[in-house]
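The next block holds one structure in the form of structure tokens; read it before the comments.
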Protein chains: 2
Amino acid sequence: MHTSIADILKQNQLSVTGSRTKILELFQQTGGALAHADIELKTGEQFDRVTIYRTLQTFVEKGIIHTIPTADNSVLYALCKDQCSEGHHHDNHIHFICDDCGTTYCLEQVAIPEVRLPNGFTKKQTDVVVSGLCNKCS
Amino acid sequence: MHTSIADILKQNQLSVTGSRTKILELFQQTGGALAHADIELKTGEQFDRVTIYRTLQTFVEKGIIHTIPTADNSVLYALCKDQCSEGHHHDNHIHFICDDCGTTYCLEQVAIPEVRLPNGFTKKQTDVVVSGLCNKCS
DNA sequence: AAACTATTGCAACTTTGTTGCAAATATTTT
DNA sequence: AAAATATTTGCAACAAAGTTGCAATAGTTT
Ligand SMILES: [Mn+2]
Ligand SMILES: [Mn+2]
Ligand SMILES: [Zn+2]
Ligand SMILES: [Zn+2]
């Protein structure tokens with residue numbers, strides 16, 4: 001079973017364009033997370049900065065990719081593997097950032113742990129970012 | 001027992017200056033987390049932007065304040081309440097961001113939960129950011 | 001293939017953060 | 001309490017990151 005990139009775009013009511021196809025392709029090839037600058041580089045500057053911003057924004061809105069909070073407050077994006085849809089993300093996994101090689105992993109196998117909040121606090125979303133050494137660097 | 005702001009600065013081998021005193025004062029008064037822009041506003045623009053950047057950087061290095069990762073990747077700072085020191089932060093608590101009022105809390109009472117990583121991954125630091133409604137807004 | 005719709009690239013701009021350096025301030029020494 | 005020294009500050013200039021309006025272009029529908 002293999003969903004083509006064009007199909008993914010059509011499923012999300014997006015027209016199939018060069019930039020969208022290329023950027024989605026990049027995410028699939030890379031596996032890991034990408035920053036805006038990575039994409040600019042790896043696409044060989046064939047697209048305008050603004051187009052990349054807008055494409056990423058659209059993908060996030062459609063639930064195709066999700067953002068990852070990082071300790072150094074840079075913006076990272078990765079493919080959603082769960083059942084994310086327009087306006088509703090369900091990415092119940094933690095993120096891991098390797099201090100050595102810099103790669104960011106979506107650890108789908110590792111569920112978000114439960115946290116007990118003080119009285120009066122209501123939990124909506126929990127983000128967990130772990131840093132250390134990845135399996136390739138340790 | 002009451003440590004004055006000047007004493008905190010001296011304990012960290014920092015000279016006591018207007019901006020450092022004022023900014024540290026602000027953190028103590030506010031309790032919660034502050035962004036660079038908040039500080040610029042609340043000090044009534046009496047200090048240069050660059051001075052605020054440098055002061056925050058110095059405070060982080062000295063272990064007086066710590067940064068807080070956020071889902072929207074803005075940079076937040078809050079006072080360290082634990083035994084943080086030069087180059088070594090020990091802030092073992094989770095952070096909570098209220099979706100309504102925007103306040104960010106250091107929940108010192110709530111410990112960082114343990115996460116089990118896949119084979120080969122080594123954990124160094126775990127950041128947990130919970131969002132929802134705070135005790136004042138729910 | 002014409003008509004229509006959505007996306008792209010460009011230009012111009014804003015916001016955020018960084019760096020070098022001289023002037024001002026804080027600390028130490030005399 | 002001055003003078004000498006060390007540190008910090010503000011300014012200017014710059015770099016990086018992100019946003020917006022709009023006409024040209026590319027994609028989709030009929
Ligand atoms: Mn992820
Ligand atoms: Mn905190
Ligand atoms: Zn690694
Ligand atoms: Zn609130």
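Chain letters run A, B, ... following the sequence lines, proteins first, then strands; residues in each count from 1.
- Remark: T17(B) is not in phosphate contact with dA26(C), judged by side-chain N or O atoms under 4.0 Å from OP1 or OP2.
- Comment: K123(B) engages E114(B) in a salt bridge, judged by a side-chain N to carboxylate O separation of less than 4.0 angstrom.
- Atom NE2 in H36(A) sits about 16 Å away from atom C1' in dA15(D), given to the nearest Å.
- By the 30° and 60° cut-offs, the orientation of the rings of H93(B) relative to H66(B) is perpendicular.
- The two residues L76(A) and A33(A) make their nearest non-hydrogen contact at CB-CB, 4.3 Å.
- Put simply, T51(A) has a side-chain N or O that comes within less than 4.0 Å of OP1 or OP2 on dG9(C).
- Protein atom CG of L14(A) is 12 Å distant from nucleotide atom P of dT29(D), rounded to whole Å.
- Between Y53(A) and H36(A), the ring planes lie parallel to each other; the angle is under 30°, not in the 30° to 60° tilted range.
- Phosphate proximity of dT8(D) to S15(B): present, with a side-chain N or O under 4.0 Å from OP1 or OP2.
- Across L133(A) and C98(A), no two heavy atoms sit closer than the pair CA-SG, 4.1 Å.
- Residue order along DNA chain D, read from the 5' end via each residue's closest nucleotide, puts T58(B) first among T58(B) and G18(A).
- Rounded to whole Å, atom C1' of dT19(C) lies 14 Å from atom OH of Y53(B).
- Ranked by how close their nearest DNA chain C nucleotide is to the 5' end, K10(B) and V50(B) are led by V50(B).
- The CG-C1' distance, from L9(B) to dT25(C), rounds to 15 Å in whole Å.
- For Q13(A) and dT28(D), the CD to C1' distance is 14 Å, given to the nearest whole Å.
- Map R54(A) and R49(A) each onto its nearest nucleotide of DNA chain D; the residue landing nearer the 5' end is R49(A).
- Regarding E45(A), its CD atom lies at a distance of 13 Å from the P atom of dA16(D), rounded to whole Å.
- Following rounding to the nearest Å, F47(B) (CZ) and dT8(D) (P) show an atom-to-atom distance of 15 Å.
- In this structure, Q57(B) places its CD atom 18 Å from P of dT16(C), rounding to the nearest Å.
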